[in-house]
Amino acid sequence: MADALLTPVTDDDGAPFWEYAAQGELRIQACANPDCGELRFPPRPCCPHCQSFDSEWRRMSGRGRIWSYVVPHPPLLPAYAAQAPYNAIVVELADAPRIRLVGNLVTRADAPLDSVDPAKIRIGAKVQAVFAEVEGVVVPRWTLERP
Amino acid sequence: MAGLKDATAIVGIGQTAFAKQLPESERTLACRAILAALDDAGIAPSEVDGFASYTMEETDEVEVAKAIGAGDVTFFSKVGYGGGGSCATVAHLAAAVATGQASVGVAWRSRKRGSGPRPWKNTTVQLPTPAQWTRPFGLLRPADEIGMLARRYMHEYGATRDHLFNVALACRNRANQNPDAIMYERPMTREMYMNSRWISEPLCLFDNCLETDGALACVIVSAERARDCRQKPVYVHSAAQGLPAQHHGMVNYWNDDPLTGPAWTAARHLWKNADLTPEDVDVAQIYDAFTPLIPLSLEGYGFCGRGEGAAFTEGGALEIGGRLPINTGGGGLSEAYVHGFNLINEGVKQLRGTSTAQVPNAASCLVTAGEGVPTSALLLRAP
C-alpha cells in the first residue's frame, strides 16, 4: 500500500463528487436556492453567496482549459517517484471558468501520469475529462482535445 | 482607542546555530534561543508571563516555561498555518502587552527540519481534508503547489527564471556576508542556478528554501519598559494578519484571483495603521520559502503594481544599495529555513544597526510571514 498512488479520502461535503465520478460523471456542487444557484468548489456545507444550506450537484460537460501546470521531480512518495517526472495540471472548466480542478494530463484514461510529453503541455490548451480507476477509486483525469 | 502603534518593542533576540543537523532536541534548542533572547534584553526568565508560537511548533509553552523558569504565565497563543504565523506571534504578544494581559512576552520557533522528516511525507493523514482534491493527483509538496502559481504568474506577466534567479541571488549574496548562514562563503552563479536540478518545474533546487535545524526567539515589552532594557528598542509600529475572502491555503487556485494572495489583505491593514508607506521602507525581510513568493509579496505589500513584481527584481533592486534590499541575513533560501523567524530577528538587527549586511541608517523594516497561506506581517521602526 505504501507504494500505491494516493486515493481521495472523502468527507461528507465532498463525497457526492466521488460518487458521481464512479459513474463517469463530472459534477460540481451548486447552491440549490433558486434565487442563487452559484457553483462552488471545493464542496462545503453552505453557499458563500447566499448562505443557503441547500445544494445540488450539477453535471458539467467535462470540457476545460489548462490554467497552469507543474512537472514534479523526486524526492516524491514512491509511487509518484516511479512515474516522475509527471505532470499535475489545474483545469478551469469551460462551463464555469472560476471552477478549477487539480488533475493529471494523460494520453488516455488509464495511461501513466507521465504519458504526455511535458513539452506538449500549454496553458490554455483545451482538455476533456476522462475517468480512471486508481486503487479502487474512480478519479477524473484529462486528455488533450487536440493531442 | 489606543492602538498598537509603537506601543511595544522587541528588546531581545536570540538564536542557536543553524545547521543541516544539530544534535540537541527541539526543546533544548528552543530553551537556548529563548534564554539568549532574554539575556540580550537583560530580563530575568522569571519575569516572562507571555508566550506565543505558531503551528508546526513541537515545543509547547508548558514545557518551555517550566524549563526556563518562567513565573506565572497570563497570556499564551498559538497562531495557525505554519510559516504564515511567524509575524503574528509578535503581533499577538504586542497586543497582549499593550492591553496589560502580559508584561514580558516571548515568541519562538524551534525546528529540526534538516534532520527531521519532510512534512509532505505525512500526506496520507492530510487526505480527509481538502487535500483530497490535490494530493492524489501528485501535487504532494509545497513546491508543487507554489510552482503551479509560479507557472501561471510567469504566463500572465512574462516573468522568467531570470527573475526568480534575481531573488535567489540576492538572498545568497547576503548569506555570503553572514557567518551564521548555512550558505556563508558559498557563492552562487547564474550558471549554477540554471543548471541545478528541477524540483517541480518551473521551480529548480535554488528556488526552494533550505532544510535547517535551529531555533530563534525574541522578547517583547511595552515601549515604556523598553527604555530601560539593555538594547536599543525596535518598535512594533504596525502589525497585521491576512486571510482573504475565499482564500484556500497553499492551493489558492479556487479563488477568483489566485495571484492576489494573503499578502494583499495583510498589507491593507498594515499600511492603514502605519505612519509609513511602502516608499518609506528602508529594508524588507520577505518570507522566501520559494523564490516566486518574493515578486508576489512585492506586489501585495505595495512596492510595485500588479504584475510588476518580477520586473522589480531587475537591476540589483533587491541587493544592498538597491531600491529595496531584502532578506539581509540570507533569508529562508540561504541563511536558514526556520519558518521565517530568522526574518524577524534580522529585521531587529537592521534597526539596531548590527546586521552583517547593514543598510546604512535603516529606520524602518517590513517583515512578512509565509505568503500562500493565511499570513501576517510586521512593520518595525527604530527609535
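Letters A, B, ... are given to chains in the order of the sequence lines, protein chains preceding strands, and every chain is numbered from 1.
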Peer 1: Is it the backbone or the side chain of A:Arg44 that comes under 4.5 Å from a heavy atom of chain B, or both, or neither?
Peer 2: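 The side chain, not the backbone.
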Peer 1: I need the residue from A:Val90, A:Asn87, A:Ile89 with the largest number of non-hydrogen atom pairs under 4.5 Å to chain B.
Peer 2: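 Counting heavy-atom pairs under 4.5 Å, the top option is A:Val90.
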Peer 1: Taking B:Tyr253 for the side chain and A:Glu92 for the main chain, is one N or O donor matched with an acceptor at less than 3.5 Å?
Peer 2: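 Such a contact is absent between B:Tyr253 side chain and A:Glu92 backbone.
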Peer 1: Would you call the rings of B:Trp133 and A:Phe17 parallel, tilted or perpendicular, where under 30° means parallel and over 60° means perpendicular?
Peer 2: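 Ring orientation, 0 to 90° scale: perpendicular.
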Peer 1: Please walk me through it: do B:Phe312 and B:Leu318 pass side chain to side chain contact (heavy atoms under 4.5 Å, CB included)?
Peer 2: CA-CA 8 Å; B:Phe312 187 101; B:Leu318 307 180; 4.0 Å; yes
Peer 1: Report which part of B:Gln246 has an atom under 4.5 Å of a heavy atom belonging to chain A: side chain, backbone, both, or neither.
Peer 2: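 Just its side chain gets close to chain A.
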Peer 1: Report the option among A:Ala88, A:Pro118, A:Gly124, A:Ala84 that has the most heavy-atom pairs separated by less than 4.5 Å from atoms of chain B.
Peer 2: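 Max contact count across the listed options: A:Ala88.
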Peer 1: Which bit of A:Tyr86 comes within less than 4.5 Å of chain B, counting heavy atoms only: side chain, backbone, both or neither?
Peer 2: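 Just its side chain gets close to chain B.
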Peer 1: Evaluate the criterion side chain to side chain contact (heavy atoms under 4.5 Å, CB included) for residue pair A:Leu5 and A:Gln83; output intermediate values, then yes/no.
Peer 2: CA-CA 10 Å; A:Leu5 293 178; A:Gln83 299 184 47; 4.0 Å; yes
Peer 1: Between A:Phe41 and B:Trp254, how do the two ring planes meet: parallel, tilted or perpendicular, split at 30° and 60°?
Peer 2: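 Judged by the thresholds at 30° and 60°, the geometry between A:Phe41 and B:Trp254 is perpendicular.
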